[in-house]
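Letters A, B, ... mirror the listed sequences (proteins, then strands); counts begin at 1.
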Amino acid sequence: MTTLRRFAPALLALSAFLLVAPSSEGAARISIVVVDGPSEGFNDPTPAAPVGGNTGTTLGEQRLIAFRHAADIWGSTLDSNVEIFIQASFDSLGAGVLGSAGATSVFANFGSVAPFPGPVFPDTWYSAALADKRAGADLDDTIPDIRARFSSDFPFYLGLDNNHGAQYDLVTVLLHEFAHGLGFQNFVNEATGSNLGPPYLTDVYSQFTLDKATGNAWATMTDAERAASAIRFGGVVWAGDEVKAGVPDVLSFGSPFVRIDAPPAVAGFYQFGTAAFGPSIAAAPAAGPLAYVPGLGCGPIGSSLAGRIAMIDRGTCGFAVKAKNAQVAGAIGVIIANNVAGPVGMAGADPTITIATVSVGLSEANAIKAQLGVGVTASFGVDAAIRAGADELDQARLYAVNPVQLGSSISHYDSIASRNLLMEPAINQDLTHSLAPPEDLTLPLMRDVGWFPDADTDGVADGDDQCAGSDTQPSVVIGGCDSGVPNTTQPNGCTILDPIHDCAVGAFNHGGFVSCVAHETNALKKAGVISGGQKGAIQSCAAKARIP
Amino acid sequence: MTKGRVLAYSAALAVALAPWAEAAPKKLRPIAAPQKKDAGKWVGTRPIAMSAGDVRVPTAEEATDLAASLKGMLDRTGAGTTPATRPDGSLQITLESQFGSVLLTRPAADGAFETRCVTSFEEATAFLGLIAAEEK
C-alpha cells in the first residue's frame, strides 16, 4: 500500500501501557518517485473534472492518483517489508508510443536477513523489487526499483473505475507495465537466445519457462536452444505450480487451432490470423487435404476444390473475394498465405460466406507449399478438451510466435487465452483490475517466481509461519519499557514479542503475566535466541509493565 | 497465535493513534531516459497516431526519428549496463533503461485502436508499419 502500513511503533510510543497493537496488514509499500519538472507531467496544472472516482482537479493530480491507485492494487496484492520505488514521468515519447517500463537492476546470489529466504535458484537473476523482498533488505537503495514513462501526447482514461469505454485505461496499462518491473519478464535476448550478462546467468522467469518439444526449461538450455524455442508457436508454457493451479479457474475450455496434420516435415500447430467475415473456426471447423490455388484467387477458380481446404496467396483483391471464390469452387475452408512475416487479421464483409478463413505467415506458408507435392492435410477448429491459452496439462501458454518477436515472445501469456489476461501482449478492452483468479493469472505467476505470501512481512511464508500476525517492531518493548533487545524473528515465523503477547492475553493477573514471560524467555535463552542479559532485560520490563 | 492480536487488556487505556506519514524521501539517483540510437533510415507504410487526433502515415523523416527513439527504448543488448560484484559476493547488473517493455498503439481496421506491449525493436517497427528504407 502506498501509505505507511506499520502503525505499531507509533502506537507504542504514545502509550505507556499498551504492549503493542501489531500490524495485521501485510502488503508492500510502493512509492511513486515523480521526476517531472514544474508544470509538466504529474505537475501539469491543466484543470480537469473529476472522473471515475479520480478526484484530482488538475491533469497532473489525476495522473498521480491513477498511478497511486495502480500501485495500491499491486501493493495490497504482494507482500514485502522493503519499500518499492517506481520512478515515474510523463513525457512526449513519439508517435504510437503510449509508455514504457521495466526493472532498473537485477541481482543474483544475494544474501538475506534471517529468516528471509534469499534466492531459490543460485546463479539466477532476480529483478530488484523481488530480490529485495526475498533478501529482506533494500539491496541497492541508491536507485529506484522500477522506471515508468508514459506519453503526455495521448489522452488516457484517468478514472479508477475501469469505465474507460474506447479509451486507454491508464490503471490497467500501469498494472501491466508494473508487473513487468516486478518480475513478469525474462532477461533473454530471444533472437540469439543469450542470457543477460556478463556474467551470463539465467533469470528466475526462465526457470519456469518450459519448452514442450524438448521438455527442458529455458534456464537449462543453450543459447541456440532458447532461440529455437522462442519461435515454437504454442510450444512454450509456464511450468509453475501456482499458475497451473489457477488455470482451471480462469481459462475456459475450447482452444482454437490451425494445424497441419501431414506430412511430418510441416506438421504442427500454426499461429494464425482470423477474418472479420464469414463464420469463426469454432462455428465452421474444417479438416481435409490442402489445395493450393495458383494465382491470387481473385476470379473464378477453374478446378474443383470440393472437400478441400484452399490455400490462396494474399494480394490484389480483398480477402473476402478470395474466400468467396474458394467457396464457390467447393472449398470447405481457406488459409490465406500472407505476403509478409506473421499472420494477418483480415478485414472484409460478405454475408454469403459460410466457410471459415484463417491466415498464416509468409515463411510458414512457403514451408507448407513446399510439401504440396507429397500431399498436405490440414485442419482448423476448436479443441473442446483444452483450455484456451493452456496446454493439455493446464500449463499456461506463453506468447511464442514465429517469426521471433524479441522479448514479447515469452514475457507475456499467449494472446489465444480466453478469458483475456492482463499479461497478454495486447491490452484488451475487457480486462478487470484484478490480478488473481478467477479473473486473472498474473498473481499466480508472481507467486511462482518468488513473491511468496507473507502477511506480516517477517520473511516466513504464511503457510510455514506459526505466528502469521507477528509483531515485527525492531526491539522488545513491553508496556512502554524498551528492553533494548532486538525483536528478532525465528525460523518458525515468531518474533520474541509474539509469545509475550500471548502471555499478556492469557494472564489473569500481573504475577501470571510476569511468570509467563519468564517461562518464555527462559526457553528463548535455552534455545540460544537471547543471552542471559537480554533475558533479564525483558523480564525486568515485564515486571514494570502494568499488565494486565 | 491470532492474527488480529489487538489486546483486550488494553481496552481501558486511551490511545491516540498518530496519523502516519510518508517516510522521508530517499535520495535516489534518477534513471536517465533512454537516448535515441541511430537505426538508419525508415519509412512508414500505414497510418499511426502521431499524437492525439493526428492519425496518418509518418513522413520518412518522422519514421526515421521514431525508429531512432524505439531503438533507444528497446535496447536489449546488455551493452552499457553495469555489472558489479558486491562486497558480500552477490552480483548486480544495473540495467538503467534497458530490458524494458514499450506499449504501442495503432489504429485497427475497424477504426478502433489496438495496443501491443513489445520488448524488441523489430516487433515495434513491425507493429507500427515502419520498414527500413532500403527494403522499400
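- Between chain B and the residues A:Leu196, A:Asn109, A:Ile143, the largest count of heavy-atom pairs under 4.5 Å involves A:Ile143.
- By number of non-hydrogen pairs under 4.5 angstrom with chain A, the leading residue of B:Leu103, B:Thr85, B:Thr81 is B:Leu103.
- With a threshold of 4.5 angstrom between heavy atoms, B:Leu128 approaches chain A through side-chain atoms but not through N, CA, C or O.
- Of all non-hydrogen atoms in B:Leu91 and A:Pro199, the two that sit nearest each other are CD1-CG, 3.8 Å.
- For the set B:Ala84, B:Pro34, B:Ala124, B:Ser97, the count of heavy-atom pairs under 4.5 angstrom toward chain A peaks at B:Ser97.
- Using a 4.5 Å cut-off between heavy atoms, A:Ala166 does not touch chain B at all.
- Proximity of A:Val97 to B:Leu66: side-chain heavy atoms (C-beta onward) are separated by under 4.5 Å at one or more points.
- Close approach to chain A, defined as a heavy atom under 4.5 Å from one of its heavy atoms, is seen in B:Met50, B:Ser51, B:Ala52 of residues 50-63 of chain B, taken by number.
- Contacts with chain B were tallied for A:Asp153, A:Leu201, A:Val106; A:Val106 has the most, counting heavy-atom pairs under 4.5 Å.
- In this structure, A:Asn186 and B:Arg76 approach most closely via the heavy-atom pair OD1-NH2, 2.8 Å.
- In this structure a side-chain-to-backbone donor-acceptor pair under 3.5 Å is present from A:Gln185 to B:Phe99.
- Scored by the side-chain contact (heavy atoms from CB on, under 4.5 Å) test, A:Thr495 finds A:Ser470, A:Thr472, A:Asn487, A:Thr489, A:Leu497, A:Asp498 as partners (sequence neighbours excluded).
- Looking only at distances, a side-chain donor or acceptor of B:Thr115 sits under 3.5 Å from a matching main-chain atom of A:Ile427.
- Between chain B and the options A:Ala108, A:Pro155, A:Ser92, A:Gly94, heavy-atom pairs under 4.5 Å are most frequent for A:Ala108.
- In this structure, B:Arg106 contributes its side chain and A:Gly96 its backbone to no donor-acceptor pair below 3.5 Å.
- Closest non-hydrogen pair, B:Leu28 versus A:Asp141, comes out as CD2-O, 3.3 Å.
- Chosen from A:Tyr126, A:Phe110, A:Phe187, the residue pairing most often with chain B at heavy-atom distances under 4.5 Å is A:Phe187.
- Contacts of B:Ser90 classified as side-chain hydrogen bond (donor to acceptor under 3.5 Å, both in side chains), with partners at least two apart in sequence or in another chain: B:Arg86, B:Asp88.
- Checked against ring pair (Phe, Tyr, Trp, His ring centres under 6.0 Å), A:Tyr413 has the following partners two or more places apart in sequence or in another chain: A:Phe184.
- Among A:Gly102, A:Ser89, A:Ala507, A:Pro198, the residue making the largest number of heavy-atom pairs under 4.5 Å with chain B is A:Pro198.
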